[in-house]
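Below is one structure, written out as structure tokens; comments come after it.
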Amino acid sequence: MKEAAVEDLHHYRNLSEFFRRKLKPQARPVCDSHCVISPSDGKILHFGRVKNCEVEQVKGVTYSLESFLGPQNWTENLPITKTSFQDQLVTKEGNELYHCVIYLAPGDYHCFHSPTDWNVYHRRHFPGSLMSVNPGVARWIKELFCYNERVVLTGGWKHGFFSLTAVGATNVGSIRIYFDRDLQTNSPRYSKGSHNDMSYVTNNNQDGIVMRKGEQLGEFNLGSTIVLIFEAPKDFTFNLKAGQKIHFGEAVGSM
């Protein structure tokens with residue numbers, strides 16, 4: 001509680017407010033020396049290069065990149081000349097696709113922030129289910145992240161494609177994106193298995209939503225998961241160990 005902007009427990013009307021508590025500004029300094037930082041507090045479940053169009057949710061358990069992100073039609077004006085879904089996401093020759101999975105336990109700080117300087121062009125909302133994303137459960141439900149409700153933000157950074165996906169969990173259908181008031185998660189009016197798209201790029205705004213590293217992005221109501229999938233040069237290296245605890249603002253990796 002010493003990290004909380006308001007330390008008095010009586011200030012919080014319910015558990016949900018407590019989980020979404022704001023922190024004192026100095027509680028989470030943002031690393032300047034690495035181009036990608038952790039968007040949240042949590043535990044590093046998996047990270048590395050994306051291989052064979054699959055990503056690991058925990059060690060040894062994979063899910064399909066295309067099932068997770070949905071069809072690649074957020075750049076409809078570009079001709080698709082590459083065969084694999086993974087290759088379609090890589091926009092610059094010589095780059096690789098990387099991923100990082102961060103699990104937020106119920107006790108963690110539940111706001112999440114921009115992991116880098118980037119432009120968000122598109123939002124895709126999958127209503128989905130709300131199964132537990134606890135690592136123990138993630139080991140025996142293949143493609144768990146593809147079943148659960150999630151909000152996929154896609155865009156670009158200085159090295160090409162960049163995406164952040166907030167995955168809902170038990171009782172965490174409420175995913176909030178601060179700049180998107182139209183987003184309604186955990187809503188019975190959506191059919192599971194569908195997805196709803198929203199473009200932030202308009203004729204008057206070709207830049208989409210401009211985010212700076214460390215800027216507040218959104219919040220969960222309990223425990224959940226954040227998945228980063230992004231393009232970077234081959235010399236990108238992660239400053240992480242699988243299973244480690246991490247705080248928002250700490251280094252994820254750099255060139």
Side-chain angles (χ1 to χ4, degrees), residues 30-40 42 44-56 64-66 68-102 112-124 150-167 177 179 199-201 205-218 225-242 246 248-255:
V30 173
C31 175
D32 289 329
S33 58
H34 287 68
C35 59
V36 182
I37 60 165
S38 177
S40 67
I44 302 295
L45 292 191
H46 214 274
F47 63 92
R49 288 187 184 180
V50 175
K51 299 174 182 175
N52 303 319
C53 297
E54 288 193 326
V55 183
E56 293 200 60
S64 155
L65 194 61
E66 188 166 8
F68 181 67
L69 295 177
Q72 208 269 59
N73 56 6
W74 51 77
T75 52
E76 290 170 344
N77 56 331
L78 297 178
I80 295 177
T81 56
K82 299 174 181 177
T83 51
S84 81
F85 184 82
Q86 180 176 332
D87 289 341
Q88 289 172 27
L89 297 180
V90 177
T91 63
K92 298 185 179 181
E93 194 168 339
N95 278 3
E96 298 279 354
L97 204 61
Y98 298 87
H99 80 287
C100 179
V101 183
I102 304 163
F112 51 94
H113 300 247
S114 177
T116 193
D117 293 337
W118 64 309
N119 294 56
V120 186
Y121 299 139
H122 186 270
R123 177 256 288 164
R124 176 168 286 155
R150 60 197 180 280
V151 176
V152 181
L153 299 178
T154 55
W157 69 320
K158 61 183 177 181
H159 300 296
F161 173 80
F162 199 96
S163 72
L164 179 149
T165 301
V167 183
I177 304 296
F179 58 72
S199 176
Y200 301 124
V201 176
N205 175 21
Q206 294 295 309
D207 294 329
I209 307 294
V210 179
M211 296 299 300
R212 293 286 165 253
K213 186 169 72 171
E215 193 176 343
Q216 285 199 333
L217 186 51
T225 300
I226 288 178
V227 180
L228 303 179
I229 298 172
F230 58 94
E231 169 186 1
K234 289 182 178 177
D235 60 348
F236 181 88
T237 54
F238 285 97
N239 188 42
L240 301 172
K241 292 180 182 176
I246 197 165
F248 151 61
E250 292 179 348
V252 163
S254 197
M255 269 63 71

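Reckoned from all heavy atoms, side chains included, excluding hydrogens, waters and symmetry mates.
- Ser38 OG to Leu240 CG: the interatomic distance, rounded to the nearest 0.5 Å, is 8.0 Å.
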* Asked: Between Phe112 and Ile102, does a side-chain contact (heavy atoms from CB on, under 4.5 Å) hold up when you go through it step by step?
  -> CA-CA 11 Å; Phe112 51 94; Ile102 304 163; over 6 Å; no
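- A distance-only check finds no donor-acceptor pair linking the side chain of His159 to the backbone of Ala232 [under 3.5 Å].
- We find the CD1-CZ distance between Ile226 and Phe248 to be 11.0 Å, quoted to the nearest 0.5 Å.
- A donor-acceptor pair under 3.5 Å links the side-chain atoms of Ser163 to the main chain of Ile229, judged by distance alone.
- Taking CG of Asn95 as the reference point, atom CZ of Phe161 lies at 12.5 Å (rounded to 0.5 Å).
- In this structure, Leu217 and Pro39 have side chains that are not in contact, with every pair of non-hydrogen atoms separated by 4.5 Å or more.
- Residues forming a side-chain contact (heavy atoms from CB on, under 4.5 Å) with Ser254 (at least two apart in sequence, or on another chain): His34, Cys35.
- Residue Glu231 holds its CD atom at 8.5 Å from CG of Leu89, rounded to the nearest 0.5 Å.
- When Phe162, Trp157, Phe230 are each tested for a ring-ring contact (aromatic ring centres under 6.0 Å, His included) with Trp118, only one passes: Phe162.
- Between Met255 and Asp235, the shortest heavy-atom distance links the atoms CG-OD1, 3.2 Å.
- Residues satisfying the side-chain contact (heavy atoms from CB on, under 4.5 Å) criterion with Tyr121, sequence neighbours excluded, are Asn119, Val201.
- For Glu66, the side-chain contact (heavy atoms from CB on, under 4.5 Å) partners two or more places apart in sequence, or in a different chain, are Ser64, Phe85.
- Looking at heavy atoms from C-beta onward, Asp117 lies out of side-chain contact with Lys158 at the 4.5 angstrom threshold.
- Looking at Lys241, its side chain never comes within 3.5 Å of a backbone N or O of Ile44 through a donor-acceptor pair.
- For the pair Gly94 and Lys234, the tightest heavy-atom approach, listed with the atom from each and the gap, is O-CG, 3.1 Å.
- Checked by atom type and distance alone, the side chain of Tyr98 never pairs as donor or acceptor with a backbone atom of Thr237 at under 3.5 Å.
- Looking at residues two or more places apart in sequence or on another chain, you find no salt bridge (Lys or Arg N to Asp or Glu O under 4.0 Å) involving Arg212.
- Of the possible polar contacts, none joining the Arg150 side chain to the Thr225 backbone as a donor-acceptor pair under 3.5 Å is found.
- Residues passing the ring-ring contact (aromatic ring centres under 6.0 Å, His included) test with His99, sequence neighbours excluded: His46.
- More than 12 non-hydrogen atoms from other residues, nucleotides or ligands lie less than 6.0 angstrom from CG of Asn205.
- Residues Pro115 and Leu228 approach most closely at CG-CD2, 3.9 Å, considering heavy atoms.
- Taking the side chain as every heavy atom from C-beta outward, Phe238 and Val252 approach each other to under 4.5 Å.
- With hydrogens and angles disregarded, no donor-acceptor distance shorter than 3.5 Å links the side chain of Gln86 to the backbone of Leu65.
- The backbone N or O of Thr154 sits nowhere less than 3.5 Å from a side-chain atom of Arg124 that would complete a donor-acceptor pair.
- Ring geometry, Phe179 versus Tyr200: the interplanar angle exceeds 60°, so the pair is classed perpendicular (tilted spans 30 to 60°).
- Summarising the geometry, atom CD1 belonging to Ile37 is positioned 13.0 Å from atom CG belonging to Asn239; distances are rounded to the nearest 0.5 Å.
- For Glu96, the salt bridge (Lys or Arg N to Asp or Glu O under 4.0 Å) partners two or more places apart in sequence, or in a different chain, are Arg49.
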